[in-house]
Amino acid sequence: MLESMVITAQTNQVRTLTLNRPLALNSFNAAMHEQLMAALEAAAADDSVRCLILTGAGRAFCAGQDLSDPEVAPEVAPGAPPKDLGTVLERRYVPLLLRLRSMPVPVIAAVNGVAAGAGANLALACDLVFAARSANFIQAFVKIGLIPDTGGSWLLPHLVGRAQAMGLALLGDKLPAAEAQQRGLIWLCVDDDALADEVQATAHRLASMPVKAIVAAREALDGALQLDLAGALAEEARHQRKLGFAHDYQEGVSAFLAKRMPAFTDR
Ligand code: T3D
């Protein structure tokens with residue numbers, strides 16, 4: 001039987017999706033795209049999931065698009081028309097990023113090794129990015145004549161500002177995890193042998209928190225950069241109005257006043 005290209009595992013309320021094409025550094029072919037989308041949809045629809053971890057099997061997180069996949073590999077046959085990469089993005093990476101960014105639970109990237117091209121930006125699109133010290137982030141696109149995609153053109157300047165974003169995009173150099181943390185690209189670089197435990201601990205902590213508020217915070221922060229202060233204040237009021245009517249707010253305040261641990265259940 002063929003092994004799955006995306007392995008799903010769950011401990012309590014934390015689900016882990018592992019990209020599993022280690023011989024090709026977990027680069028995306030059509031089948032892995034389909035399996036990852038299906039796994040994200042399944043996690044979104046399952047109320048037992050309150051935090052999601054995305055990681056890679058073997059020595060890489062993800063090397064981006066599989067450049068030998070027939071969907072993208074340039075035709076060698078004489079006279080054959082070139083591949084339309086715009087269509088590949090619209091069909092595969094755009095829905096993937098939008099699905100990831102609208103998950104009803106927090107998503108952590110556990111970057112266990114190299115994250116290149118679309119693989120780097122897939123990680124950077126997660127809500128918290130942890131990386132092993134030996135991992136690298138590479139905006140590899142320029143080396144094959146492309147621009148940062150899979151959200152990179154938006155994510156990079158939002159995360160590190162234009163000057164750093166341009167350096168990463170134009171040069172396409174390896175950025176070691178420790179430096180990625182120093183530059184504000186990721187949340188935390190940890191020693192390789194501590195990555196799994198550190199990520200699990202944070203994921204379980206997030207799963208016990210009010211995830212509806214965490215997801216609303218993601219939405220508010222993502223949207224705020226397009227707004228002026230008055231617009232951001234209006235959005236804050238809109239989110240707080242909604243959250244204030246939710247169970248978790250009642251529970252959080254009751255628990256605080258009763259000096260007990262809260263039990264958050266909204267999703
Ligand atoms: O094209 C479109 O549809 C538009 C969408 C684009 C999205 C993108 O992601 S474009 C960017 C694509 N990714 C890359 O350009 C990265 C290519 N890979 C590398 O630069 C290097 O492999 C790494 C820096 C990631 C790692 O280097 P290293 O030296 O540690 O490993 P390696 O020896 O290069 O790779 C190991 C194997 O994985 C090797 O196969 P082999 O020789 O053992 O059979 C290599 O060919 C394979 N591999 C690595 N990356 C890819 C890949 N195979 C296909 N596609 C890859 N992206």
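Both counts, for ligands and for their atoms, begin at 1 and track the order of listing. All residue numbers refer to positions in the sequence shown, counting from 1. Excluded from the calculations below are hydrogen atoms, water molecules and symmetry mates; all remaining heavy atoms, backbone and side chain alike, are included.
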- Below 4.0 angstrom, N of the basic side chain to O of the carboxylate: do Arg133 and Asp191 qualify? yes

Below 3.5 Å only, please: the N or O atoms of ligand 1 paired with protein N or O atoms, distance on each line.
residue, atom, partner, partner atom, Å
ligand 1, 9 (O), Gln65, N, 2.9
ligand 1, 9 (O), Ala118, N, 2.8
ligand 1, 13 (N), Ala63, O, 3.0
ligand 1, 30 (O), Arg59, NH1, 2.8
ligand 1, 30 (O), Arg59, NH2, 3.4
ligand 1, 31 (O), Arg59, NH2, 3.0
ligand 1, 55 (N), Leu67, N, 2.9
ligand 1, 57 (N), Ala63, O, 3.1
ligand 1, 57 (N), Gln65, O, 2.8

- Looking at Ala125 and Arg101, what are the two nearest heavy atoms and their distance? O-NH1, 2.9 Å

- Item | Cluster overlap Leu122 with Phe141, hydrophobic side-chain contacts below 4.5 Å | yes

- Message: Quick check on side-chain contact (heavy atoms from CB on, under 4.5 Å): which of Leu89, Leu85, Val88 does Asp149 satisfy it with?
- Response: Leu89

- Could you go step by step and tell me if Ser48 and Gln10 meet the side-chain hydrogen bond (donor to acceptor under 3.5 Å, both in side chains) rule? CA-CA 10 Å; Ser48 76; Gln10 188 160 338; 3.2 Å; yes

Contacts under 3.5 angstrom, residues 64-71 side chains, donor-acceptor by atom type, not counting sequence neighbours:
residue, atom, partner, partner atom, Å
Gln65, OE1, Tyr93, OH, 2.5
Gln65, NE2, Phe28, O, 3.2
Asp66, OD1, Ser68, N, 2.8
Asp66, OD1, Ser68, OG, 2.6
Asp66, OD1, Asp69, N, 3.4
Asp66, OD2, Arg21, NH1, 3.0
Asp66, OD2, Arg21, NH2, 3.2
Asp69, OD2, Glu71, N, 3.1
Glu71, OE1, Arg92, NE, 3.2
Glu71, OE2, Arg91, NH2, 3.4
Glu71, OE2, Arg92, NE, 3.4
Glu71, OE2, Arg92, NH2, 2.6

